[in-house]
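Okay, structure first, notes after.
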Amino acid sequence: MRFFHSLTACLLSLSISACDTAAEPSNDDNDISQATVALTLSDKQATAETKALYSNLWSIAQKGFMFGHHDDLMYGRYWYNEPGRSDTKDVCGDYPAVYSLDFAELSDNRADGNESTEIRRRCILEARERGMVITACAHWNNPLTGGDSWDNSSDRTVAEILTEGSEANRTFTAWLDRLADFLLNLRDSQGRLVPIIFRPFHEHTQSWSWWGSSCTSEQQFISLWQFTVKYLRDTKGVHQLIYAISPQMDSQKNKEDFLYRWPGDDYVDFIGMDCYHGLSPTVFAANIKELCLLSKEKLKPCGVTETGVEGFTAADYWTKQILTPATGRTLSFIVTWRNKFVGGNDSDNHYYSVWKGHPSEKDFIKFHKSSSTYFCSDLPDMYTMAEGVSVE
């Protein structure tokens with residue numbers, strides 16, 4: 001762990017760097033005494049490690065934020081399935097604090113014989129052994145039409161899923177059965193279930209998905225979310241999930257926007273946002289502020305579940321676009337989207353983070369060294385209860 005975290009955390013209120021000052025953060029979202037915080041999970045039977053992780057998501061946000069990267073351990077821009085490899089580590093010598101992945105291919109109709117399932121299992125277990133935090137989304141295919149997750153051609157998909165005994169209902173519950181089986185067999189080296197921050201039906205504020213705003217009524221979406229939570233938790237007995245909602249917030253938003261189709265406080269544990277705002281740190285900073293204020297109001301930890309700029313080349317991207325807007329806020333983490341494995345095809349610019357040789361490499365090292373950022377080696381034991389934070 002870098003020694004300066006503990007020192008700079010104590011000095012943060014007395015001295016703010018020039019980069020931090022540019023953000024002009026107020027601490028109105030950071031005035032809850034950690035010693036008095038009692039959090040509540042939607043799963044009252046959550047495992048001890050899941051409760052501990054939840055407490056630490058709150059605790060670490062009082063000091064800084066964790067950096068995360070989607071699929072960071074599975075592949076990078078020029079490599080695929082190399083155990084121990086990471087584009088992040090290639091640049092700064094450390095793994096990200098948060099490993100993000102997708103559960104869809106291992107649970108929907110692509111699962112049978114899919115070799116990536118075992119790769120994902122390996123990456124999750126490696127992340128857990130390093131003490132990293134793990135979060136997962138699910139780009140599930142459309143269980144009614146057979147299309148992909150972007151197939152919004154029918155407004156009947158969710159209605160059919162919610163109709164007990166229908167073909168779509170049987171299909172989708174079979175996918176949940178497969179996911180539950182994967183999770184219940186996901187154990188660390190000591191035989192303990194691996195906690196996951198799970199965000200089903202992400203970006204529900206947008207119209208592109210079969211669960212999105214163009215295909216569902218408010219009540220249908222809420223019912224789908226609650227059905228999924230209850231099925232995994234109560235029917236299948238999965239007790240290692242922290243349920244995260246992640247609306248897409250690309251333009252400047254307010255609290256009401258974050259509460260769009262809110263499934264209920266008893267069904268949401270973590271408040272996220274997917275924010276693809278471009279090179280606009282002002283918008284990012286404003287949305288982070290609203291997110292953190294809602295976190296304080298709901299007493300639920302929060303974070304940026306996806307962000308980034310596709311194909312960015314700005315040399316100061318990390319300090320200007322990520323660090324400055326987040327400094328002084330109570331975010332658990334900020335996760336950038338993936339670096340697609342492109343082999344030797346340098347014309348494919350589907351990437352959202354750094355790799356060795358990218359123009360922002362030096363700035364990322366500066367970002368890594370900041371007292372506000374947490375990478376893998378900086379983490380406390382995220383799976384032992386944080387001092388002063390209780391979880392029911």
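Using a 4.5 Å heavy-atom cutoff, the side chains of Phe341 and Asn81 are not in contact. In this structure, the side chains of Tyr374 and Phe65 stay at 4.5 Å or more apart for every pair of heavy atoms. A 4.5 Å side-chain heavy-atom check between Leu224 and Thr216 finds every atom pair outside the cut-off. Contact check for Thr50 versus Ile242: side-chain heavy atoms found under the 4.5 Å cut-off. Taking 4.5 Å as the limit, some side-chain heavy atom of Lys44 sits within range of a side-chain heavy atom of Thr40. A heavy-atom distance below 4.5 Å is found between the side chains of Leu259 and Lys255. Annotation: side chain of Tyr78 is not in contact with side chain of Tyr75 (no heavy-atom distance under 4.5 Å). A 4.5 Å side-chain heavy-atom check between Val335 and Thr307 finds every atom pair outside the cut-off.
Looking only at distances, a side-chain donor or acceptor of Thr173 sits under 3.5 Å from a matching main-chain atom of Arg170. Of the possible polar contacts, none joining the Trp79 side chain to the Arg85 backbone as a donor-acceptor pair under 3.5 Å is found. No side-chain donor-acceptor contact under 3.5 Å links Asn142 to the backbone of Trp150. Without hydrogens or angle criteria, Asp250 side chain to Tyr276 main chain gives a donor-acceptor distance under 3.5 Å. The backbone N or O of Lys253 sits nowhere less than 3.5 Å from a side-chain atom of Asp257 that would complete a donor-acceptor pair. At distances below 3.5 Å, at least one donor-acceptor pair connects side-chain atoms of Asn152 with backbone N or O atoms of Ser207.
Atom SG of Cys275 and atom CD1 of Ile288 lie 7.5 Å apart (nearest 0.5 Å). From Cys215, atom SG reaches atom CD of Gln220 across 9.5 Å, with rounding to the nearest 0.5 Å. In this structure, CD1 in Ile161 is found 11.0 Å from CZ in Arg156, a value given to the nearest 0.5 Å. In this structure, OG in Ser377 is found 11.0 Å from CE in Met132, a value given to the nearest 0.5 Å. In this structure, Thr135 OG1 and Leu101 CG are separated by 8.0 Å, a value rounded to the nearest 0.5 Å.
Salt bridge present: Asp265 and Lys298 bring a charged side-chain N and a carboxylate O closer than 4.0 Å. Asp188 and Arg128 are joined by a salt bridge, as a carboxylate oxygen and a charged side-chain nitrogen come within less than 4.0 angstrom of each other. Here Arg199 pairs with Glu306 in a salt bridge; the nearest charged N to carboxylate O distance falls below 4.0 Å. A salt bridge does not link Lys51 to Glu392: none of the charged nitrogens lies less than 4.0 Å from a carboxylate oxygen. Of the charged side-chain nitrogens involved, at least one lies within less than 4.0 Å of a carboxylate oxygen, so that Lys356 and Glu361 count as a salt-bridged pair. Between Asp94 and Lys89 there is no salt bridge, since no side-chain N of the basic residue sits under 4.0 Å from a carboxylate O of the acidic one. Ion pairing between Arg121 and Glu118 holds under the 4.0 Å rule for side-chain N and carboxylate O.
In this structure, the ring of Tyr54 has its center no less than 6.0 angstrom from the ring center of Trp58. Under the 6.0 Å cut-off for aromatic ring centres, Phe333 and Phe270 qualify, their centroids lying closer than that. Note: Phe201 and Trp140 meet the aromatic proximity criterion, with ring centroids under 6.0 Å apart. In summary, the aromatic rings of His202 and Trp208 are positioned with their centroids under 6.0 Å apart.
Listed here is the closest heavy atom pair of Met382 and Gly131: CG-O, 4.1 Å. The shortest heavy-atom contact between Arg178 and Ala111 is CD-CB, 3.3 Å. Across Asp378 and Thr373, no two heavy atoms sit closer than the pair OD2-O, 3.9 Å.
Checked options Asp108, Asp102, Asp148; the residue passing with His139 is Asp102 (criterion: side-chain hydrogen bond (donor to acceptor under 3.5 Å, both in side chains)). His358 pairs in a ring pair (Phe, Tyr, Trp, His ring centres under 6.0 Å) with only one of the listed residues (Tyr317, Phe312, Tyr352, Trp318), which is Phe312.
Annotation: Glu256, atom CD; neighbour count of heavy atoms from other residues, nucleotides and ligands within 6.0 Å is above 12. Within 6.0 Å of atom CD in Glu310, more than 12 heavy atoms from other residues, nucleotides or ligands are found, so the atom counts as buried in its surroundings. No more than 12 heavy atoms of other residues, nucleotides or ligands sit less than 6.0 Å from atom CD of Glu167.
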Criterion side chain to side chain donor-acceptor pair (under 3.5 Å) on Asn169 and Thr163, from CA distance to verdict:
CA-CA 6 Å; Asn169 172 262; Thr163 301; over 6 Å; no
Begin with the C-alpha distance, continue with both residues' side-chain angles, and end with the deciding distance and a verdict on side chain to side chain donor-acceptor pair (under 3.5 Å) for Asp274 and Gln248.
CA-CA 5 Å; Asp274 292 8; Gln248 189 157 355; over 6 Å; no
Kindly indicate, with the supporting measurements, whether the criterion side chain to side chain donor-acceptor pair (under 3.5 Å) is fulfilled by Ser353 and Asn339.
CA-CA 6 Å; Ser353 191; Asn339 289 351; 4.8 Å; no
What do the steps show when you test Phe67 against Tyr95 for ring-ring contact (aromatic ring centres under 6.0 Å, His included), and what is the final call?
CA-CA 9 Å; Phe67 171 75; Tyr95 293 102; over 10 Å; no
Check step by step if side chain to side chain donor-acceptor pair (under 3.5 Å) holds for Thr319 and Asp363.
CA-CA 7 Å; Thr319 53; Asp363 195 56; 2.9 Å; yes
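Asn114 and Glu105 form a side-chain donor-acceptor contact under 3.5 Å, judged by distance and modelled atom types alone.
Classification of the Tyr260-His204 ring pair by plane angle, with boundaries at 30° and 60°, yields parallel.
The list of salt bridge (charged side-chain N to carboxylate O under 4.0 Å, His left out) pairs with a residue in residues 228-249, not counting sequence neighbours, reads Asp177-Lys236.
Cluster membership for Met66 and Trp337, using ILVMFWY side-chain heavy atoms within less than 4.5 angstrom, is not shared.
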